[in-house]
Amino acid sequence: MRKKIFLALIYLSFSETMFPQDFVTFYGGYEVNSLTSAMFTQTRLEEKQHNFTGYLFGISGGRFINRVGVQYSLEFSNTKSNTVFRDKNYALTNSKISLQLSELFAVVQDFLISLTGDIGVGWLGSDTPFDHSGVYGITSISIGPSVIISRIRLFALAKLNVGFIYFSGSDPDLYSIDPLPSSTGLITGPEFKIGASLIL
């Protein structure tokens, strides 16, 4: 009997740690992002698909009630992609700030499924011979599992992005006298994130 009570107390204590009613987390991770469609129209880069990889970090808060919860977060990501122009390698950069809202479903103990929607603003630049720069607004929806071990949460998210981009006019090609015009268009693309957070 004492053994059962002791195990029950450990279980309740562990569960309270795993699913705190109110929580704040700091998190970081790795991101792979591929924006496609009209992204590089009239920039001399539109014929290639660019996969951006890099890091992300953020802060989030939320609340659990009966093991189902909601989480809000502010996130910054910085990713890069390599491109080739005139047989030389150059880097494209993609940075983004996004505000996210997630529904957390406690499927089984220490395992969650989250459905996340977010809206963000990003900017693009490059070290190519042109002054490629642009800004975009984007919305996305994602889903993925999380595993909580004590105060550590491991997560993965698969996302689908849809948005609108504006590219400023670029400097002319070193061998051209005509500058490139500005460019606008719709963008779409998948994104994948994996990381860990510390629950306070």
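Note that the coordinates shown come from a computational prediction; the quantities given were computed from them, not determined experimentally.
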Is there a path from Ile113 to Ile141 through hydrophobic residues (I, L, V, M, F, W, Y) whose side chains come within less than 4.5 Å of each other?
yes

For the hydrophobic clusters of this structure (ILVMFWY residues joined by side-chain heavy atoms under 4.5 Å, transitively), does one cluster hold both Val147 and Ile143?
yes

Can you name the residues that form a side-chain hydrogen bond (donor to acceptor under 3.5 Å, both in side chains) with Asn82, not counting sequence neighbours?
none

If you measure from OH on Tyr166 to OG1 on Thr184, what distance do you get to the nearest 0.5 Å?
8.5 Å

Does a donor on one side chain sit under 3.5 Å from an acceptor on the other, for Asn51 and Ser81?
no

Partner set under side-chain hydrogen bond (donor to acceptor under 3.5 Å, both in side chains) for Thr25, not counting sequence neighbours
Ser60

Pairing residues for Ile97 by the side chain to side chain contact (heavy atoms under 4.5 Å, CB included) criterion, not counting sequence neighbours:
Leu74, Phe76, Trp123

Go through the steps for Val70 and Leu104 under the test side-chain contact (heavy atoms from CB on, under 4.5 Å), then give the verdict.
CA-CA 6 Å; Val70 64; Leu104 305 172; over 6 Å; no

Measure the shortest side-chain to side-chain distance between Val121 and Val135 over non-hydrogen atoms and say whether it is less than 4.5 angstrom.
yes

Among residues at least two apart in sequence or on other chains, which ones pass side chain to side chain contact (heavy atoms under 4.5 Å, CB included) with Thr116?
Gln100, Ser102, Ser114, Ser142, Leu157

Tell me the salt bridge (Lys or Arg N to Asp or Glu O under 4.0 Å) pairs involving residues 91-107, sequence neighbours left out?
Lys96-Glu191

In Å, rounded to the nearest 0.5 Å, how long is the span from OG of Ser34 to CG of Asn161?
9.5 Å

Any side-chain heavy atom of Thr79 within less than 4.5 Å of one from Thr93?
no

Could you pull out all residues at least two apart from Glu75 that satisfy salt bridge (charged side-chain N to carboxylate O under 4.0 Å, His left out)?
Lys193

Any side-chain heavy atom of Leu101 sitting closer than 4.5 Å to one from Gln71?
no

Closest non-hydrogen atom pair between Leu112 and Ala106, with its separation
CD2-CA, 3.4 Å

Would you please name every residue forming a side chain to side chain contact (heavy atoms under 4.5 Å, CB included) with Val32, sequence neighbours left out?
Tyr30, Thr53

Output all residues satisfying side chain to side chain contact (heavy atoms under 4.5 Å, CB included) with Leu160, sequence neighbours left out; order by chain, then residue number.
none

Whichever hydrophobic residues join Leu56 through chains of side-chain contacts under 4.5 Å
Tyr27, Phe155

Nearest-0.5 Å distance that lies between atom CZ in Phe26 and atom CG in Leu200
6.0 Å

State, without any angle test, whether Arg153 and Ser197 hold a side-chain donor-acceptor pair at a distance under 3.5 Å.
no

Flag side-chain contact, heavy atom, 4.5 Å: Ile138 against Leu35
yes

Suppose the criterion is salt bridge (Lys or Arg N to Asp or Glu O under 4.0 Å): which pairs have a residue in residues 115-124, not counting sequence neighbours?
Asp118-Lys159

For Tyr136 and Phe164, I'd like to know if the aromatic rings sit close, meaning centre-to-centre distance below 6.0 Å.
no

Here the gap from Ser73 atom OG to Phe57 atom CZ, rounded to the nearest 0.5 Å, amounts to 13.0 Å

What is the distance from atom CD1 of Ile165 to atom CD1 of Ile187, rounded to the nearest 0.5 Å?
5.0 Å

Applying ring-ring contact (aromatic ring centres under 6.0 Å, His included) to Phe105 and not counting sequence neighbours gives none

